[in-house]
Each structure stands twice: as C-alpha cells, then as structure tokens.
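All residue numbers refer to positions in the sequence shown, counting from 1.
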Amino acid sequence: QVQLVESGGGLVQAGESLRLSCAASGGIFSILAMGWYRQALGKQRELVAVTSGGSRNYADSVRGRFTIPRDNAKNTLYLQMNSLKPEDTAVYYCAARQRTTTRWDYWGQGTQVTVSS
C-alpha cells in the first residue's frame, strides 16, 4: 500500500516560483512511475509532468517553466514551478503507478496553488 502526501502549495504573484513536494511511503519508491496532475475550477484533471525511469515528460503548457526532480533516497518527488502564471492556478495532485501499467492507482490529497496577477 502506497501513501502520498503533498505539500508546498500557497498564494503567489505571477512570475514567482513555488516548489511542491510529494512524500511517499508504503512501497518501493524507486520502481514507481510518478506524476503530477492538476485540476482548475471548471476543468478536467490534467497531467502536468511524469517521471519514469530516466524519462521526464511535460505538458505543453508548462514545458520550459516546470521541472519534476525526484530524490529516490528520500522517497520524495518535487514539482519546481517557475514563471508562474494565473492560469496555473489549480489543485495539484501527486500520483503513482507501476511502470508496466497505465492506471494511476495511488493519489495524494492535493495542495492548492493560487497565482494572482
């Protein structure tokens, strides 16, 4: 059983930066694919970034501004968000799955990010 806990959200102004953290427990962290999703008001949940093995992938809307560092020794996933825009405002969720599947089986509770202009 894998448990995920997000932290680091808050209120910032456009152009500023935030780093979100996702602490994992109850599983073998290094063999899991990890990702960040977000859900804005009135919109569907969307994939922001994924790290699996040596591969990192980003949504077009965040590429060049966000990165998804991973520290396997600390069982922690990060989302470094730079040059934030008001349209980045959303609840951000950490998720995990087995690398050999497509189903995201484990989810955190979410952390709110609000970007003001």
Side-chain angles (χ1 to χ4, degrees):
Q1 185 67 38
V2 176
Q3 294 85 43
L4 305 174
V5 180
E6 304 99 333
S7 62
L11 174 64
V12 298
Q13 293 186 334
E16 295 182 344
S17 298
L18 277 178
R19 189 180 72 168
L20 306 183
S21 298
C22 173
S25 62
I28 305 174
F29 182 78
S30 62
I31 67 172
L32 296 173
M34 303 292 298
W36 287 96
Y37 283 75
R38 67 185 182 186
Q39 187 167 22
L41 184 65
K43 298 182 65 177
Q44 293 184 333
R45 186 173 296 182
E46 64 175 346
L47 182 64
V48 176
V50 173
T51 176
S52 179
S55 178
R56 294 182 176 91
N57 294 283
Y58 301 92
D60 290 342
S61 59
V62 307
R63 188 175 294 109
R65 298 188 297 119
F66 292 10
T67 59
I68 186 168
R70 179 174 183 161
D71 190 339
N72 287 340
K74 296 182 178 180
N75 288 357
T76 301
L77 177 75
Y78 304 94
L79 184 66
Q80 179 65 48
M81 304 184 292
N82 300 322
S83 301
L84 282 162
K85 303 175 180 179
E87 51 263 45
D88 295 318
T89 295
V91 177
Y92 284 72
Y93 298 90
C94 179
R97 61 167 171 84
Q98 303 292 328
R99 291 177 180 176
T100 56
T101 71
T102 59
R103 187 176 68 251
W104 295 89
D105 290 324
Y106 310 104
W107 293 84
Q109 294 298 306
T111 185
Q112 176 71 46
V113 173
T114 302
V115 184
S116 65
S117 60

Rounded distance (nearest 0.5 Å) linking atom [atom1] of [X] with atom [atom2] of [Y]:
X: Leu84; Y: Ser17; atom1: CG; atom2: OG; value: 6.0 Å
X: Ser52; Y: Gln98; atom1: OG; atom2: CD; value: 10.5 Å
X: Leu18; Y: Leu11; atom1: CG; atom2: CG; value: 9.0 Å
X: Asp105; Y: Arg97; atom1: CG; atom2: CZ; value: 10.0 Å
X: Cys22; Y: Glu6; atom1: SG; atom2: CD; value: 5.5 Å
X: Cys94; Y: Gln109; atom1: SG; atom2: CD; value: 11.5 Å

Linking I/L/V/M/F/W/Y whenever their side-chain heavy atoms sit closer than 4.5 Å, directly or via other members, would [X] and [Y] fall into one cluster?
X: Tyr106; Y: Phe29; value: yes
X: Met81; Y: Val12; value: yes
X: Val62; Y: Leu20; value: yes

field: Aromatic ring proximity Phe66/Trp36, centre distance under 6.0 Å
entry: no
message: Do Ser25 and Gln3 pair up side chain to side chain, a donor and an acceptor below 3.5 Å, judged on atom types alone?
response: yes
message: Checking Glu46 now: which residues fulfil salt bridge (charged side-chain N to carboxylate O under 4.0 Å, His left out) with it, not counting sequence neighbours?
response: Arg38
On a heavy-atom basis, which atom in [X] and which in [Y] lie closest, and how many Å separate them?
X: Tyr93; Y: Gly108; answer: CD2-O, 3.7 Å
X: Val115; Y: Asp88; answer: CG2-CB, 4.4 Å
X: Pro86; Y: Ser117; answer: CG-CB, 3.9 Å
X: Leu77; Y: Arg70; answer: CD1-CB, 4.3 Å
X: Gln112; Y: Thr89; answer: NE2-CG2, 4.0 Å
X: Val2; Y: Gly27; answer: CG2-CA, 4.0 Å

message: Any side-chain to backbone donor/acceptor pair from Thr111 onto Gly9? Under 3.5 Å, distance only.
response: yes
statement: In Thr76, Leu4, Ile68, Val50, the residue satisfying side-chain contact (heavy atoms from CB on, under 4.5 Å) with Met34 is Leu4
task: Inspect the contact between Asp60 and Arg63 and indicate whether a charged nitrogen and a carboxylate oxygen are less than 4.0 angstrom apart.
output: yes
- request: Please confirm whether Arg45 makes a cation-pi placement over Trp104, using NZ or CZ under 6.0 Å from the six-membered ring centre and within 45° of the ring normal.
  value: no
query: Quick one: is the NZ or CZ of Arg65 closer than 6.0 Å to the six-membered ring centre of Tyr58, and within 45° of its axis?
result: no
